[in-house]
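Order of the sequence lines fixes the chain letters, A, B, ..., with proteins taken first and strands second; residue numbering starts at 1 for each chain.
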Protein chains: 4
Amino acid sequence: MINNDISAASPGVSEPGPPRRRLPAATRVTQILDAALQVFSDKGFASARLDDIAEAAGLSKGGVYTHFASKEEIFGALLKRLIQPPMPAAPEALADEEPVTVDLLVRRVVEPMYQSLGDPSVLQAVRLLLANGTRVPQAFDQWHQTMFEPHIADVARLLQRGVRQGTLRRSAITHAPRLILSPGIHAMLDGVVRGPVAPDAIAEWKRLHVAMLRELLTP
Amino acid sequence: MINNDISAASPGVSEPGPPRRRLPAATRVTQILDAALQVFSDKGFASARLDDIAEAAGLSKGGVYTHFASKEEIFGALLKRLIQPPMPAAPEALADEEPVTVDLLVRRVVEPMYQSLGDPSVLQAVRLLLANGTRVPQAFDQWHQTMFEPHIADVARLLQRGVRQGTLRRSAITHAPRLILSPGIHAMLDGVVRGPVAPDAIAEWKRLHVAMLRELLTP
Amino acid sequence: MINNDISAASPGVSEPGPPRRRLPAATRVTQILDAALQVFSDKGFASARLDDIAEAAGLSKGGVYTHFASKEEIFGALLKRLIQPPMPAAPEALADEEPVTVDLLVRRVVEPMYQSLGDPSVLQAVRLLLANGTRVPQAFDQWHQTMFEPHIADVARLLQRGVRQGTLRRSAITHAPRLILSPGIHAMLDGVVRGPVAPDAIAEWKRLHVAMLRELLTP
Amino acid sequence: MINNDISAASPGVSEPGPPRRRLPAATRVTQILDAALQVFSDKGFASARLDDIAEAAGLSKGGVYTHFASKEEIFGALLKRLIQPPMPAAPEALADEEPVTVDLLVRRVVEPMYQSLGDPSVLQAVRLLLANGTRVPQAFDQWHQTMFEPHIADVARLLQRGVRQGTLRRSAITHAPRLILSPGIHAMLDGVVRGPVAPDAIAEWKRLHVAMLRELLTP
DNA sequence: AATGAATGAGTTTTCATTCAT
DNA sequence: GATGAATGAAAACTCATTCAT
């Protein structure tokens, strides 16, 4: 059966609508990728419609094609932006004599993780990668390599040193550095799955995470 | 592994053929509704194929969806157009002193009806409404309100006045103005059922209709 | 987006349900045609689904095929039943000397019409024929021949006689007997279009119809 | 004339090919959902074609619609099946006097988790949920409630008791029971992201997980 | 006779992509 | 650079009809 309101039946004989502002390409690209992050992360690659992205970016579908040749290309560019540069600030080198304490680990490893958790766009990115990363298999590996491995390698080095220095106790964690991230990853998944985590919930996760590390690693 | 082979992801990976002329939306909408009237009234709502409508409108099936969200919506818009504006030209007001004679009634009420009967597209519209109107619940009521009630209200006023002026005799018709339309409606139904009425058949219906009114209303 | 209630998601793993009573074929056929009248008249031939008819008839879709070979065949059988026997009770012959008065015309012609209008299934049948009759072109003619022509022929004869006898006045109606039906047809269309007419509305239509005939035909 | 050529009216005027085996609805529904799990988790909701599901389930596309009204409905039913009943076997009650040791926790909590990790269909389900869960709004919450909360509530009770009994040490974990799952969840995510985890990798994750718990909870 | 699962051809609908303006 | 009408191929969905049970 049809829409009840006959008077609402005729289609939008849309007046052209003021052509939107012509912007520098770089700006548009950024807007489009921002929009794409939203839409891809919400619906996944296949369900995302160019119209959705265009609307979220504030231009028309055709306008998007001025900047990208295809949906795939948008996705690719987005992945590149997510994976590559800004996110994982290279950890600054450590002074040779500085002792590796739990506090140091917390500052260098734990705090940044929970920092990220507070940023919705990080959760969005993670969701995007979890849900669509397999579309570009290398993306995953690369993500892993860029996001985690350096981190973990760094952690591993720190743990070794702490143990050698006697400032850290030997523990399951010193044998498997990745474990140091587990509660944070747990919290992240929680955020991805159940929506952004409230700031005080984040603080609580972190507090417990730190407490646990202290128990495990304090000599 | 998840697969999600990129090459299998999105539809439409083909070069479109030569697009037909691009028209302003309002024009296309009109064309589509014109086509829809033909097709719907020829085959009925359910048997009408979007392809037919598209072809009759001179664009592709997909192109129709640029202007209407569904077949139902086309139908609704068509009914709206049929029912609403252009048909019932508001009867021009009557000079205060002009006497309401049978001749006046004939000119204002009877002739326009038989005029319509000669127009195939009117019969088409009526047929469409009769055959498919139940699909849009209020269509009938609205049709009635737009097509008949103003007419009848006008007639009622005229009859009152004529009786008051003594230029019309009191009659069953002056008590139930709708009766003044009955032979015309009879003729219309005949046209709907048995195909367009030949011009001289129409003339004959009208002649008799007028004769009958004269018998009933001449003082 | 999906149905909100996950718990309601699984499809009806319908237990076979008690096989419905096995009935004599003739009974079933009647039930099916009754159901078909409802459904065809409501939705039109093309939009009517076998499932609808089956459900309205109280058996399964497959069951319908036990009695009819196709949807078309159901429609055909229904038309036959509508057109053929029961409806137009042959008007009993008139005693040679009986004078043809307006009262006689009312009893023989007008009253039966308004009788029918009170019967919803008659309106249904009319709607069915109006909406779908063109599907079987002969149906229309046949309907016309069966339903109206004998009637009108009868009326024509009566009118002639009345005029000859001096019991009826010469009038537009005596020249075009079909006009005698016009207000009734008008009322019928009203019923078809706007739903069954209330009993007192019918009475009112009839009263006015009779009054009009009296004005026209009383010598 | 109205046309409505009978021969152009209804679809499907063809002799169907040999129907495949006819099965009880419940069986088919299971098969279809099994197929859907494969296809959806392989391609994601939007890229999964009904044809794929039908083929994988061993019937025709139309056949699928005998059991489900839409692709969405299949997806909903699948999620329901994944989320709801069979997975979380209710933990058997604990004898009143039995002491809650780390070993007990390992048997009741840790081992089952890693058991699941070895099961590809569990990873498949998790991946499906992560990638497409937003499509069914409550899916995530419900998943959480069904999968984790009972587990965690159970763990919380056990930890309380162990602490009271003196068989477990107070620790960050005894304050936040969910932490007991963290390394397992980390491993699961790893499996989801990088493909099924090799059995000995699982064993290694578990070994370390247990070691960590021992460090934290042994009095 | 009746049921309801299954088929398959037809039809509607979607949407990435193109291109005249 | 931007718009939005138009295309066309793919995918979802419908339903008369068949037939094993």
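The distance between atom CD of A:Glu55 and atom P of F:dT3, rounded to the nearest whole Å, is 12 Å. For D:Glu73 and F:dA12, the CD to C1' distance is 14 Å, given to the nearest whole Å. In this structure, B:Lys43 atom NZ and E:dT11 atom C1' are separated by 13 Å, rounded to whole Å. Computed from coordinates, the B:Phe68 CZ to E:dT14 P distance equals 15 Å when rounded to whole Å. In this structure, the CZ atom of B:Arg22 is 7 Å from the P atom of F:dA5, given to the nearest Å. Atom CD of D:Glu72 is separated from atom P of F:dA12 by 11 Å (rounded to the nearest Å). The interatomic distance linking B:Leu59 (CG) with E:dT18 (P) rounds to 20 Å, in whole Å. Between D:Ile74 atom CD1 and F:dC13 atom P the separation is 8 Å, expressed in whole Å.
Contact annotation: B:His67 side-chain N/O to F:dG4 OP1/OP2 distance is not under 4.0 Å. Phosphate contact (OP1/OP2 of F:dA5, side-chain N/O of B:Thr66, threshold under 4.0 Å): absent.
Considering only side-chain atoms of C:Lys71, the nucleotide from E:dA16, E:dT13, F:dA16 that sits closest is F:dA16. Comparing F:dA16, E:dT13, F:dT14 against the side chain of C:Tyr65 picks out F:dA16 as the nearest.
Note on A:Glu72 versus A:Arg135: salt bridge recorded, some NZ/NE/NH1/NH2 to OD/OE distance being below 4.0 Å.
Residue B:Ala57 is classed as having no contact, given no heavy-atom separation below 4.0 Å to the nucleic acid. The residue C:Ala48 sits close only to the backbone: its heavy atoms come under 4.0 Å of sugar-phosphate atoms, none of a base.
Side-chain N or O atoms of D:Lys71 include one that pairs as donor or acceptor with a backbone N or O of D:Ala48 at under 3.5 Å.
Nucleotides of DNA chain E nearest to A:Leu50 and B:Asp51 differ in position, and the one nearer the 5' end is that of B:Asp51. Nearer to the 5' terminus of DNA chain F, by closest-nucleotide assignment, is the contact made by D:Ser70 (compared with the other of C:Ala69 and D:Ser70).
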* Asked: Once Watson-Crick and G-U wobble pairs under 3.5 Å are found, how is DNA chain F written in dot-bracket notation, 5' to 3', with | for any base paired to another strand?
  -> .||||||||||||||||||||
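Under 3.5 Å, the side chain of C:Lys61 and the base of F:dT17 form at least one donor-acceptor pair of N or O atoms. Not a single donor-acceptor pair, N or O on each side, falls under 3.5 Å between the base of E:dG10 and the side chain of B:Arg49. Residue-to-nucleotide contacts include no donor-acceptor pair under 3.5 Å from the side chain of A:Arg28 to the base of F:dG1.
The closest side-chain heavy-atom distance from A:Lys43 to A:Asp52 is below 4.5 Å. Inter-residue side-chain proximity for B:Leu50 and B:Ile74 is flagged as met; some heavy-atom pair is nearer than 4.5 Å.
Closest non-hydrogen pair, B:Arg81 versus B:Thr30, comes out as NH1-O, 3.8 Å.
Among residues two or more places apart in sequence or in another chain, the side-chain contact (heavy atoms from CB on, under 4.5 Å) test is passed with C:Leu129 by C:Leu79, C:Phe140, C:Trp143. Scored by the side-chain hydrogen bond (donor to acceptor under 3.5 Å, both in side chains) test, C:Asp42 finds no partners at all (sequence neighbours excluded).
Side-chain contact of C:Gln124 with C:Arg127: a donor-acceptor pair under 3.5 Å is absent, judged by distance alone.
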